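See structure below.
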Amino acid sequence: MRTSRGLPLLPVLFGAVALAHLGALLAGSSVALVTKPALMPLLAAYVLTRGGPRLLAAALLFGCGGDTLLQVGGDLPFLLGMASFAAGHGCYLVLCSRHGRPGGARTRRLAAGYGAAWLVTVALLWPGLEAGLRVPVALYSLLLVTMALCATRTLPLAAAGGALFVVSDTLIATGVAGWPQAPAAQFWVMLTYIGAQLLLAEGLLRSARAEGAGLPPGPSSGDRGRQRTASRASTMPKP
């Protein structure tokens, strides 16, 4: 489906709703309560119309569940929302494992970095968290950094999305732990979150499509171009 100007309809709608949501957050408008749950279904619909994996659409819809529950307030909705996001991260882990490169020395270095960041962050947040939230937050954040690490084995878009997701959820956790917040804190949370989900969706969609085309998962577009050139050259008649 396309707009009257020939632009793809779903990306235009997603961009419009995202801008409306961010603007509503800055203005303190209740419109943000309506636009937030609409974001991920639009992105999931875009993935499906592009022929993307249903598991990728499911990850985004789990994100919608988390978005909705976190708006309710209270410890139980927070825990349920965190569980919904965790289910989405599980979907991302499966997709990254399915469409990513094998890990190597670079992955081990990144694992050390993400692991150290997780330990330091949990240690700093721990005293400020309520007793009933400490273990769930620590386990969820471990799953989150594992997903972000696994995303580095796919395209750079998805890797950047995983890193942004860590940033966004860390901003949320600092608020839950009672840390001083920057002005318009929710704006920054949602800006990084929307960027994270968009980059993960596009990166994993491209990885899946590249694999479906018979290309090795994960290489850059330049690498894929060289592979296609080499493939065409190998089919040319020999002199």
Side-chain angles (χ1 to χ4, degrees), residues 1-3 7-22 35-70 81-101 140 143-172 188-213 215 217-221 224:
M1 297 179 64
R2 292 179 176 271
T3 65
L7 298 173
L9 177 60
L10 286 171
V12 170
L13 281 176
F14 175 78
V17 173
L19 289 174
H21 179 70
L22 294 172
T35 51
K36 185 178 182 181
L39 288 165
M40 293 307 111
L42 286 171
L43 196 51
Y46 165 73
V47 165
L48 293 176
T49 58
R50 291 280 304 276
R54 292 183 179 180
L55 194 60
L56 179 52
L60 296 165
L61 293 177
F62 278 124
C64 174
D67 292 339
T68 305
L69 286 163
L70 291 188
M82 194 161 54
S84 188
F85 281 121
H89 295 325
C91 295
Y92 282 139
L93 277 171
V94 173
L95 288 164
C96 291
S97 299
R98 184 181 297 169
H99 303 298
R101 301 182 299 268
Y140 169 82
L143 175 63
L144 172 63
V145 297
T146 302
M147 180 278 292
L149 174 65
C150 198
T152 64
R153 294 167 48 197
T154 63
L155 293 179
L157 283 175
L164 268 183
F165 221 130
V166 172
V167 172
S168 180
D169 279 6
T170 301
L171 292 175
I172 293 174
W188 299 110
V189 167
M190 287 306 298
L191 180 65
T192 50
Y193 169 72
I194 292 169
Q197 292 281 39
L198 179 60
L199 290 170
L200 278 165
E202 188 64 32
L204 290 171
L205 178 60
R206 293 185 186 187
S207 292
R209 288 166 66 91
E211 186 172 300
L215 296 172
S220 66
S221 57
R224 292 198 299 272

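This one's a predicted model, so the numbers in the text were calculated from it and none came from an experiment. Along the sequence shown, the residues carry numbers beginning at 1.
Considering only heavy atoms from C-beta on, Y193 comes within 4.5 Å of D67 through its side chain. Considering only heavy atoms from C-beta on, C91 stays 4.5 Å or farther from L56 through its side chain. Contact of the L143 side chain with the L93 side chain is registered, since non-hydrogen atoms from C-beta on lie closer than 4.5 Å.
Each of V47, L155, L157, L43 was scored for a side chain to side chain contact (heavy atoms under 4.5 Å, CB included) with E202, with one residue passing: L157.
Under a 3.5 Å cut-off, the side chain of S84 and the backbone N or O of F62 do form a donor-acceptor pair. A distance-only check finds no donor-acceptor pair linking the side chain of S168 to the backbone of L164 [under 3.5 Å]. Between the side chain of R209 and the backbone N or O of R50, at least one donor-acceptor pair lies under 3.5 Å.
Here the straight-line distance linking atom CG of L205 with atom CG of L200 works out to 12.0 Å at 0.5 Å rounding. Rounding to the nearest 0.5 angstrom, the gap separating the CE atom in M40 from the CG atom in L198 is 8.0 Å. In this structure, the separation between CE on M190 and CD on Q197 is 9.0 Å, given to the nearest 0.5 Å. To the nearest 0.5 Å, the span separating CZ on F14 from CG on L9 amounts to 13.5 Å. In this structure, CG in L60 is found 10.0 Å from CG in L55, a value given to the nearest 0.5 Å. In this structure, H89 NE2 and C96 SG are separated by 11.5 Å, a value rounded to the nearest 0.5 Å.
Smallest separation of non-hydrogen atoms from T154 and G100: CG2-CA, 3.7 Å. The two residues G161 and A196 have their closest heavy-atom pair at O-CB, 3.3 Å. Residues A38 and V17 share a closest heavy-atom pair of CB-CG1, 4.3 Å. Shortest non-hydrogen contact noted between P37 and C64 is O-SG, 3.3 Å.
The aromatic rings of F165 and F85 lie perpendicular to each other, with more than 60° between the two planes, well past the 30° mark.
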